[in-house]
Number of protein chains: 2
Amino acid sequence: MTGRKRFGAASLLRIDMEELDKDHVDKILAQWRRERPELDVSAMGLLGRLARVRAHVAGEQEKIFSDHGLTSASFDVLATLRRSGPPFQLSPGELLAATMVTSGTMTNRIDQLEKAGLVERLDNPEDRRGVIIALTPEGLKRIDAAAAAHVTNQQRLVAGLEPAEREALNGLLRKFLATFE
Amino acid sequence: MTGRKRFGAASLLRIDMEELDKDHVDKILAQWRRERPELDVSAMGLLGRLARVRAHVAGEQEKIFSDHGLTSASFDVLATLRRSGPPFQLSPGELLAATMVTSGTMTNRIDQLEKAGLVERLDNPEDRRGVIIALTPEGLKRIDAAAAAHVTNQQRLVAGLEPAEREALNGLLRKFLATFE
DNA sequence: CGCAATTATCTTGACGTCAAGATATCTGGA
DNA sequence: TCCAGATATCTTGACGTCAAGATAATTGCG
């Protein structure tokens with residue numbers, strides 16, 4: 001918490017009103033403008049807030065995963081298998097395509113989940129180079145419970161925005177994302 | 001929904017006419033709605049896009065840091081020292097307060113930067129428990145060059161949004177961030 | 001003044017991730 | 001058929017991060 005009070009002593013002392021709405025990112029921008037006034041930092045506020053919001057959201061989400069004995073990494077894999085539908089089986093390559101990590105990372109994630117008894121590696125009858133990763137019954141129970149808690153928590157995390165704001169933010173992020181994907 | 005194939009790449013990656021306007025996140029939501037229709041996934045789209053956009057932005061920014069022999073971690077520390085103004089010195093605790101990492105992480109970051117000759121640890125004359133981290137002349141040159149390239153790159157990253165959209169997105173992220181800080 | 005609580009920084013050990021490369025298998029063209 | 005290139009997955013080694021706790025110095029209470 002770095003937050004300042006919106007209606008604290010500062011406003012009673014009539015300190016510049018604009019200062020009151022400055023957040024952590026605004027302070028960083030003000031420092032850059034003082035030290036390197038020739039730099040155009042107009043994009044830094046948006047991208048800095050994006051990074052900070054994402055860091056907070058990630059931390060809050062990990063708490064929920066931890067309650068269910070999972071990490072964001074293991075949740076990610078189990079959730080991908082779960083939402084693919086019965087029989088809850090995908091190849092490592094398919095999991096890779098869905099999760100923005102490298103093949104070595106996916107091997108490691110599967111290793112950990114296999115040790116925990118949440119997935120198993122099955123022979124791929126169509127390609128001896130490959131395997132099929134399957135949710136175990138325990139893995140299915142685990143991800144079903146974790147996913148329910150996760151979506152409830154996600155609603156809590158966005159509750160500070162009005163429905164119309166969420167809609168607007170979602171639309172802008174969709175367009176922004178489209179510039180990368 | 002038509003029958004799915006045994007091996008899921010087709011279902012995960014499929015593009016058909018009805019889905020041309022759907023992005024990766026929409027496809028994930030559609031899968032959840034099919035598999036767990038009782039879950040309210042209304043917040044997942046926004047938070048999923050936030051995570052993916054941030055991951056893309058982080059990757060693009062790291063390329064620039066790498067061009068200057070830095071990582072996002074080392075850039076973060078050097079930039080904090082640089083924008084604090086002359087004499088470009090802060091305590092590890094002050095760096096910690098500015099950078100959202102743990103003390104052990106900060107110790108490690110400073111160790112790496114010291115090895116690289118970009119910062120040095122000075123005795124803190126006011127508190128023998130502590131030290132002062134100072135940019136070296138080489139560190140100053142490095143961060144000044146990297147910061148200039150970084151802000152230019154940031155402008156490129158947001159160029160796919162119209163100025164009014166950037167403004168709106170920035171405002172919504174500001175409000176969202178305020179719910180955490 | 002003396003000592004317990006606090007503070008500042010560092011250490012340790014465990015993870016998760018990545019890049020680069022190894023291994024095994026498949027595939028298509030000659 | 002054969003084999004060179006492509007493909008699927010795993011291995012290795014180096015990092016960066018964190019949580020928990022250690023160490024040393026400072027502060028403030030009684």
Side-chain angles (χ1 to χ4, degrees), chain A residues 51 54-56 58-63 65-66 69-78 89-116 118-134, chain B residues 7-10 12-13 51 54-56 58-63 65-66 69-78 89-116 118-134:
Chain A
R54 170 56 190 158
H56 287 293
E60 291 297 314
Q61 292 187 155
E62 275 164 16
K63 290 180 193 169
F65 299 150
S66 175
L70 300 174
T71 63
S72 55
S74 55
F75 180 91
D76 198 22
V77 174
L78 296 181
Q89 298 180 358
L90 293 171
S91 70
E94 290 167 336
L95 288 168
L96 262 184
T99 57
M100 291 184 98
V101 297
T102 64
S103 65
T105 295
M106 185 54 66
T107 296
N108 184 52
R109 287 182 175 190
I110 294 165
D111 286 348
Q112 303 312 311
L113 286 167
E114 196 172 32
K115 276 183 205 159
L118 302 179
V119 306
E120 54 189 346
R121 282 182 167 92
L122 309 177
D123 289 341
N124 183 336
E126 300 186 350
D127 187 337
R128 268 175 251 178
R129 292 170 303 180
V131 294
I132 295 292
I133 310 303
Chain B
F7 301 110
L12 282 170
L13 301 176
R54 171 55 190 156
H56 286 293
E60 292 298 315
Q61 292 188 155
E62 275 164 16
K63 289 180 193 169
F65 300 149
S66 175
L70 300 174
T71 63
S72 54
S74 55
F75 180 91
D76 197 22
V77 174
L78 295 181
Q89 298 179 357
L90 294 171
S91 70
E94 289 169 331
L95 288 168
L96 260 185
T99 57
M100 291 183 99
V101 298
T102 64
S103 65
T105 295
M106 185 54 66
T107 296
N108 183 53
R109 287 182 175 189
I110 294 165
D111 286 348
Q112 303 313 311
L113 286 168
E114 196 172 32
K115 275 184 206 160
L118 302 179
V119 306
E120 53 189 346
R121 281 182 168 91
L122 308 177
D123 289 342
N124 182 337
E126 299 185 353
D127 187 336
R128 268 176 247 178
R129 291 169 304 181
V131 293
I132 295 290
I133 310 304

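Just so it is clear, the model here is predicted, and its values are computed rather than measured. Order of the sequence lines fixes the chain letters, A, B, ..., with proteins taken first and strands second; residue numbering starts at 1 for each chain.
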- Task: Write down the distance between NZ (B:K115) and C1' (D:dC15), rounded to a whole number of angstrom.
- Result: 11 Å
- Task: Would you mind reporting whether B:Q112 and B:T71 have side-chain heavy atoms less than 4.5 Å apart?
- Result: no
- Message: What's the closest nucleotide to the side chain of B:V131 if the choices are C:dT9, D:dG16, C:dG16?
- Response: C:dT9
- Could you pull out the closest heavy-atom pair between A:Q61 and A:R54, with the gap in Å? NE2-NH1, 3.9 Å
- Integer-rounded Å distance: C:dA8 C1' and B:I132 CD1: 11 Å
- Using heavy atoms to find the nearest nucleotide of DNA chain C for A:R128 and A:G104 separately, return the residue whose nucleotide is more 5′. A:G104
- Query: Is there a donor N/O on one and an acceptor N/O on the other, under 3.5 Å, for the side chain of B:S103 and the base of C:dC10?
  - Reply: yes
- Message: Could you tell me if the side chain of B:Q89 sits less than 4.5 Å from the side chain of B:I133, heavy atoms only?
- Response: no
- Message: If I take atom CE in residue A:M100 and atom C1' in nucleotide C:dC18, what distance separates them, rounded to the nearest angstrom?
- Response: 14 Å
- With a non-hydrogen cut-off below 4.0 angstrom, is A:D127 in contact with a base, only sugar-phosphate, or nothing? sugar-phosphate
- Query: Rounding to a whole Å, what distance do you find between A:E114:CD and D:dC10:P?
  - Reply: 9 Å
- Task: Specify the separation, in whole Å, of atom CE of B:M106 and atom C1' of C:dT9.
- Result: 12 Å
- Out of D:dT9, C:dG16, D:dT26, minimum distance to the side chain of B:R129 belongs to D:dT26
- Using a cut-off of 6.0 Å, state whether more than 12 heavy atoms not belonging to A:R128 lie near its atom CZ. no
- Query: Whole Å only: how far is the CD1 atom of A:I110 from the P atom of C:dG16?
  - Reply: 14 Å
- Query: When we call it a touch if two heavy atoms are under 4.0 Å apart, what does B:G130 touch: a base, just sugar-phosphate, or nothing?
  - Reply: sugar-phosphate
- Send over the distance from B:N124 CG to C:dA8 C1', rounded to a whole Å. 10 Å
- Could you please name the option among C:dT17, D:dC10, C:dC10 that lies closest to any side-chain atom of A:T107? D:dC10
- Proximal nucleotide (of C:dG16, C:dT9, D:dG16) relative to the B:Q112 side chain: D:dG16
- Message: What is the distance, to the nearest angstrom, from the CG atom on A:L70 to the P atom on C:dC15?
- Response: 15 Å
- Message: With a 4.0 Å limit, can you tell me whether B:T105 has a side-chain N or O closer than that to the phosphate oxygens OP1/OP2 of D:dT17?
- Response: no
- Item | Below 4.0 Å: OP1/OP2 of D:dT17 and any side-chain N or O of B:R109 | yes
- Just how far is it from atom CD1 of B:I110 to atom CG of B:L118, taken to the nearest 0.5 Å? 13.0 Å
